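Everything on this sheet refers to the single structure shown next.
All of these numbers come straight from a predicted model, not from anything done at the bench. Letters go in sequence order (proteins before strands), and every chain restarts at 1.
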2 protein chains.
Amino acid sequence: MAVKSEQTRQKLADTALHMFREIGFEKTTMRAIAAEAGVSVGNAYYYFASKDDLVHELYVQVQEEHAATAALALEGSGSLGSRLGAVLHAGLDVMAPYHAFGADFVSTAIRPTSPVNPFSEASTPAREASLAIFRLAVDGARPAVPRKLRADLPELLWLGYMGITLFWVYDTSPGQQRTRRLVDGAAPLMARGLSLARLPGAAKVLDDILSLSRSIRS
Amino acid sequence: MAVKSEQTRQKLADTALHMFREIGFEKTTMRAIAAEAGVSVGNAYYYFASKDDLVHELYVQVQEEHAATAALALEGSGSLGSRLGAVLHAGLDVMAPYHAFGADFVSTAIRPTSPVNPFSEASTPAREASLAIFRLAVDGARPAVPRKLRADLPELLWLGYMGITLFWVYDTSPGQQRTRRLVDGAAPLMARGLSLARLPGAAKVLDDILSLSRSIRS
DNA sequence: TACTATTTCTGAACACGTTCAAAACACGGG
DNA sequence: CCCGTGTTTTGAACGTGTTCAGAAATAGTA
């Protein structure tokens, strides 16, 4: 029966995620996961091709949770700065329990061949969900974001989110408050920077940044 | 005799770096390095505490070479944009032979506890040398960089260099030409962006960016 | 029920990075 | 010459992620 199979898979995933959170990446060995889940090592590999695959499972779950809480925070409308801040803080909230795990996570995720890599094929659904959140934040902003930016901004913001996550991983301050301050400072700053689009001198620079980012992407 | 000891160490380092370049990180096993160098595995560990330590050796060497070639390119003076471009291109030149190795390198380097980590204690000399290059690029720029930026800019540029390296690792275009284009576009753009410091509207934003970057750093 | 095909599961085995007790070596002082 | 001390080197052993041949359970069909 397909149900039993799904149960084993779930049990493995749940056990792994729990152990990652509680005792970290290295101590969570495949043998330990299998033992804790009550199956053999080989069986764990029947469901997950690698330990990285289990990390991917964690990534997907965190991303889903982020999308959900962020969508809630984005109901109604507000300035781009405040909306961006809400999305970023929601992300930090969701990741918080995994901070100790962060370094190992990033080190795995950054490998282009890893399923955990945010740009990888395997991460497409998670990445799209995350991008959608930033699109929502941009589209619902009042005053509205300049039209010429509206298409590119979400992706750039998502990229910035990756950067902030990186900063967060390195942030050993209590409660990662430095990252919180970074978000509080950067979100409105970014929004105000964009309003420079109306200054004649700055508009040209902004245009160049946009066209560079477009030309690089292909 | 201390000479023989140093010879063994050198032989191991040379062998490892050569193998990293030729056959990649994973295939370069400690056993293979030891065999190729004509010593036992245990002996390799007498000189290098870990495989990461050997990667650190590579990092230091690449950094030294970068500092040397960049210093050469910075003789005389020129615009900040062109000087920045020269430094960045010099970096790409030096790293080029290791592009295939890049992913594994970054994945190792990004782990905060690794000796390869650019922010780590072990990397302090290499990091300082690299920072010095950017300081040189900024100080020798004509027209001169606005005074209030001169202190912070080198570190920010170095950080940007880390970002470009990350981009380069992911860049699978032939000869990493997309990264080359990125440098060609971003270097003058950055310089022109700074010249906005004189526009009254933009100056405030720039000030805020600076003070944010300062407040975050502590 | 009995036979086959498919899915699920097992545990031994492999190569890896790393550790360590002990061997081999170098060398100055008696 | 040999002893003793410190340095250098060895190779077996450990625990890890991963693989795989085959066993066990299940599903499907007659």
Side-chain angles (χ1 to χ4, degrees), chain A residues 1-17 19-20 23-59 101 103-105 107-111 113-117 122, chain B residues 1-17 19-20 23-58 101 103-105 107-109 111 113-117 122:
Chain A
M1 56 176 122
V3 164
K4 174 74 183 312
S5 176
E6 191 52 36
Q7 270 178 8
T8 309
R9 197 200 137 88
Q10 260 316 315
K11 181 87 201 232
L12 279 165
D14 289 349
T15 307
L17 265 56
M19 291 180 83
F20 281 151
I23 64 175
F25 181 73
E26 301 197 350
K27 284 190 181 164
T28 305
T29 68
M30 290 301 285
R31 285 168 178 78
I33 296 171
E36 188 78 15
V39 302
S40 71
V41 193
N43 200 14
Y45 277 92
Y46 179 74
Y47 289 101
F48 297 94
S50 63
K51 196 178 175 184
D52 282 7
D53 246 40
L54 283 163
V55 177
H56 177 71
E57 199 76 9
L58 168 61
Y59 175 62
F101 184 70
D104 291 293
F105 176 80
S107 154
T108 301
I110 211 156
R111 185 170 284 123
T113 58
S114 163
V116 198
N117 185 292
Chain B
M1 54 176 119
V3 164
K4 175 75 184 311
S5 177
E6 191 52 36
Q7 271 177 6
T8 309
R9 199 201 135 88
Q10 260 317 314
K11 178 90 201 217
L12 278 165
D14 289 348
T15 307
L17 264 56
M19 292 180 82
F20 281 151
I23 64 175
F25 181 74
E26 301 197 350
K27 283 188 181 166
T28 304
T29 68
M30 291 301 285
R31 283 168 177 81
I33 295 171
E36 187 78 14
V39 303
S40 70
V41 197
N43 201 12
Y45 277 92
Y46 179 74
Y47 289 101
F48 297 93
S50 63
K51 195 177 174 183
D52 282 6
D53 248 38
L54 254 359
V55 177
H56 176 72
E57 199 76 9
L58 167 61
F101 184 71
D104 291 293
F105 176 80
S107 155
T108 301
R111 185 170 282 122
T113 59
S114 164
V116 199
N117 186 292

Enter the inter-axis angle for the ends of the helix from dT1(C)-dA30(D) to dG30(C)-dC1(D) (five pairs per end, rounded to 10°). 30°

Expressed in angstrom and rounded to an integer, what is the separation of [X] atom [atom1] from [N] atom [atom2]?
X       : N       : atom1 : atom2 : value
D104(A) : dT16(D) : CG    : P     : 15 Å
Q7(B)   : dT7(D)  : CD    : P     : 19 Å
L12(A)  : dT8(C)  : CG    : P     : 13 Å

Do side-chain atoms of T15(B) reach the backbone of E36(B) as a donor and acceptor pair under 3.5 angstrom? no

How would nucleotides 9-18 of chain C be written as a contact map, 5' to 3', with B for base contact, S for sugar-phosphate-only contact and - for no contact, using protein heavy atoms under 4.0 Å? BBB-B--BBB

Counterpart residues, side-chain hydrogen bond (donor to acceptor under 3.5 Å, both in side chains), relative to [X] (two or more places apart):
X       : result
S107(A) : R111(B)
N117(B) : Y170(A)
R31(A)  : none

Can you find a pair of side-chain heavy atoms, one from K11(A) and one from V39(A), that are under 4.5 Å apart? no

For Y47(A), ring pair (Phe, Tyr, Trp, His ring centres under 6.0 Å) partners two or more places apart: none

Parallel under 30°, tilted from 30 to 60°, perpendicular over 60°: which one fits the rings of F25(B) and F20(B)? parallel

Is E57(B) salt-bridged to R9(B), cutoff N-O under 4.0 Å? yes

